[in-house]
Amino acid sequence: EAGVVQSPRYKIIEKKQPVAFWCNPISGHNTLYWYLQNLGQGPELLIRYENEEAVDDSQLPKDRFSAERLKGVDSTLKIQPAELGDSAVYLCASSLERGPGPYEQYFGPGTRLTVT
Amino acid sequence: SQQGEEDPQALSIQEGENATMNCSYKTSINNLQWYRQNSGRGLVHLILIRSNEREKHSGRLRVTLDTSKKSSSLLITASRAADTASYFCATGTSYDKVIFGPGTSLSVIP
């Protein structure tokens, strides 16, 4: 079974430029998460999807961040414009949730973003 | 704000020794999960313990949960160099929300 796929693995951009990250979850997983992880810290949730619906985007900085999960499968996270403080690892995870949760999450390798 | 807090922040042991790390949290939970993250790799789920469970085992891992003290511990027995990683507790609250702690960095010296 293929794991969660993310691309790109690394991205270096100048501040004020846009950037997009792509995630393909494990086949059949209905829930998808985007996390931000700073060095030496745990992941922080940005947005959680159940199928196509964003059910928790309370921590997503909506002035510059946007996300979509078309057809309830792949997802894209975008930052426009990027700021120096956005430098971090962006993790995508998926889970198969049936009934009361939360459930174990399967993480992709992440995208390391450096904003210069 | 982070729900869980691991202790210690860093731990260094010799190969073959046991490693114990703790997690304390603030509000009621549905379950608590432990994850491992090796240097340069993604997060891997280790074990999930539900709020009505007190202890769970998986291979060399033993997790305990004390809901009255709002704390959990992860014990790794007979540690190996390959266990060197950061370990995170993730508290599962209502509404299916999972909040990760800052992690414990474990170094196992061969």
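On a predicted model such as this, the values are computed, not experimentally measured, just so you know.
In summary, the side chains of B:Gln37 and A:Gln37 do present a donor paired with an acceptor at a separation below 3.5 Å, with no hydrogens or angles considered.
Other residues, nucleotides and ligands place more than 12 heavy atoms under 6.0 Å from the CD atom of A:Glu52. With a 6.0 Å radius and a threshold of 12 heavy atoms from other residues, nucleotides or ligands, B:Lys56 has its NZ atom above the threshold. Remark: A:Glu14 CD is loosely packed, at most 12 non-hydrogen atoms of other residues, nucleotides or ligands lying under 6.0 Å away. The number of heavy-atom neighbours closer than 6.0 Å to CG of A:Leu84, taken from other residues, nucleotides and ligands shown, is above 12.
Closest approach of B:Leu48 and A:Glu104 over heavy atoms only: CD1-N, 4.2 Å.
Distance check: A:Phe107 CZ to B:Tyr35 OH gives 5.5 Å after rounding to the nearest 0.5 Å.
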